[in-house]
Protein chains: 2
Amino acid sequence: MGERDEGTCEARVVHGARLAALQPLIAGEERAQVEAERFRALGDPTRLRILCALGLTELCVCDLSGLLGITQTAASQHLKILRTFGMVRYRKQGRMAFYRLADLSLTGLLARLREAPGREEAAGERQSG
Amino acid sequence: MGERDEGTCEARVVHGARLAALQPLIAGEERAQVEAERFRALGDPTRLRILCALGLTELCVCDLSGLLGITQTAASQHLKILRTFGMVRYRKQGRMAFYRLADLSLTGLLARLREAPGREEAAGERQSG
DNA sequence: GCTATATATGTGCATCTGCGCATGAATCGT
DNA sequence: ACGATTCATGCGCAGATGCACATATATAGC
């Protein structure tokens, strides 16, 4: 688990000292873990489509599952994950739960998701023609 | 696989017609799949740390593995994934491969990664404090 | 209170993922 | 040419993930 061949390569670009100076500038494992989990939550097509739908309108679980063509169970399980990361919120009215997009910073992403495919070059690196 | 309980819930918020009108506004499965894979590439702590490092300076695989405390194999496999999505690029000089950050749209994200933990509220929703 | 409905959760399974090990491919030094 | 070194890749395994099925919880209607 901690066995890396750190002593093998001697032709380092950044030798010893400079390499050590870089270390504190790089995100620690825990910090990276937390951030990665957030991306992982977005790294599922069904969850992206759920967010896409909830970005348009508030929906109950049943409507959502019907709209996306997934089972209620699947919808509920995905919503639980999205709740964990504060990406969606819900209000309970009777026995139904109305979900809505909570993380407004995702709005731009979701708008891009609705565009025609073939434009995912670098998410910001447009070569202007 | 296609068995959803679409006829169970009758108390839809958006009844029939409106639900159908929503459908074309939601990203299709293929489009969502492509986009999700991109997030998935970022959904690994090691890959985030690799990008974090390459955002600071160009590095060979060996330095990178030493810097992050991972094996050369792991580094190489992650770099392959990041290459697939055009997030990193490399130039070959002799037997070494110098990798650098290619997707500049990730710069902001990586800068945020270097900040102290506890600020991952909404990735863009700063309360100007 | 009982039944039906809407949502949430526990369990099991097929699949995916990240890693280590061994190996292949390319390059440098002698 | 030969061995050493740097990077890439095939393979197998442990752990994670998404889903279906069954079930639990909560609410509405009677």
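Note that the structure is predicted; figures quoted are calculated from it, not measured. Chain identifiers are assigned alphabetically (A, B, ...) following the order of the sequence lines, protein sequences preceding nucleic acid strands; residue numbering begins at 1 within each chain.
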Rounding to a whole Å, what distance do you find between Q93(A):CD and dT7(C):P?
-> 11 Å

May I have the distance from Y90(B) (atom OH) to dT27(C) (atom C1'), rounded to whole angstrom?
-> 14 Å

Distance-only polar pair, side chains of Q33(A) and R31(A), donor-acceptor under 3.5 Å = no

Give one of base, sugar-phosphate or nothing for K92(B), where a contact means two heavy atoms less than 4.0 Å apart.
-> nothing

Closest of dT17(C), dT9(D), dG18(C) to the R40(B) side chain is dT17(C)

Closer than 4.0 Å, any side-chain N/O of K80(B) to the OP1 or OP2 of dA8(D)?
-> no

How many Å lie between CG on D44(A) and C1' on dA16(D), as a whole number?
-> 13 Å

Report the distance from atom CG of L42(B) to atom P of dT17(C), rounded to the nearest whole Å.
-> 15 Å

Can you figure out which of dT7(C), dA8(D), dT17(D) approaches the side chain of V61(B) most closely?
-> dA8(D)

Passing candidate, side chain to side chain contact (heavy atoms under 4.5 Å, CB included) with K80(B), options Q77(B), R83(B), H78(B) | R83(B)

So does D44(A) pair up with R49(A), basic N to acidic O under 4.0 Å?
-> no

Nearest-nucleotide pick for T71(A), side chain only, options being dT7(C), dT9(D), dA20(D) | dA20(D)

Output the single nucleotide from dT7(C), dA6(C), dC19(C) whose closest atom is nearest the side chain of A74(B).
-> dC19(C)

Proximal nucleotide (of dT9(C), dG18(D), dG10(D)) relative to the I81(A) side chain | dG18(D)

Y99(A) side chain near dA8(C) phosphate (N/O to OP1/OP2, under 4.0 Å) = yes

Whole-Å gap separating P (dA26(C)) and CD (Q72(B)) = 16 Å

R100(A), R91(A), R89(A) screened by side chain to side chain donor-acceptor pair (under 3.5 Å) with E58(A), the one that passes = R91(A)

Can you tell me if the side-chain N/O atoms of T73(B) get under 4.0 Å from OP1 or OP2 in dG10(D)?
-> no

Polar side-chain atom of S76(A) near backbone of T73(A) as donor-acceptor pair, under 3.5 Å = no

In whole angstroms, the gap separating C1' of dT7(C) from CG of L59(A) amounts to 15 Å

Whole angstrom value for the distance that separates C1' of dT25(D) from CZ of R95(A) | 14 Å

Taking atom C1' of dC7(D) as reference, at what distance in whole Å does atom CZ of R91(B) sit?
-> 15 Å

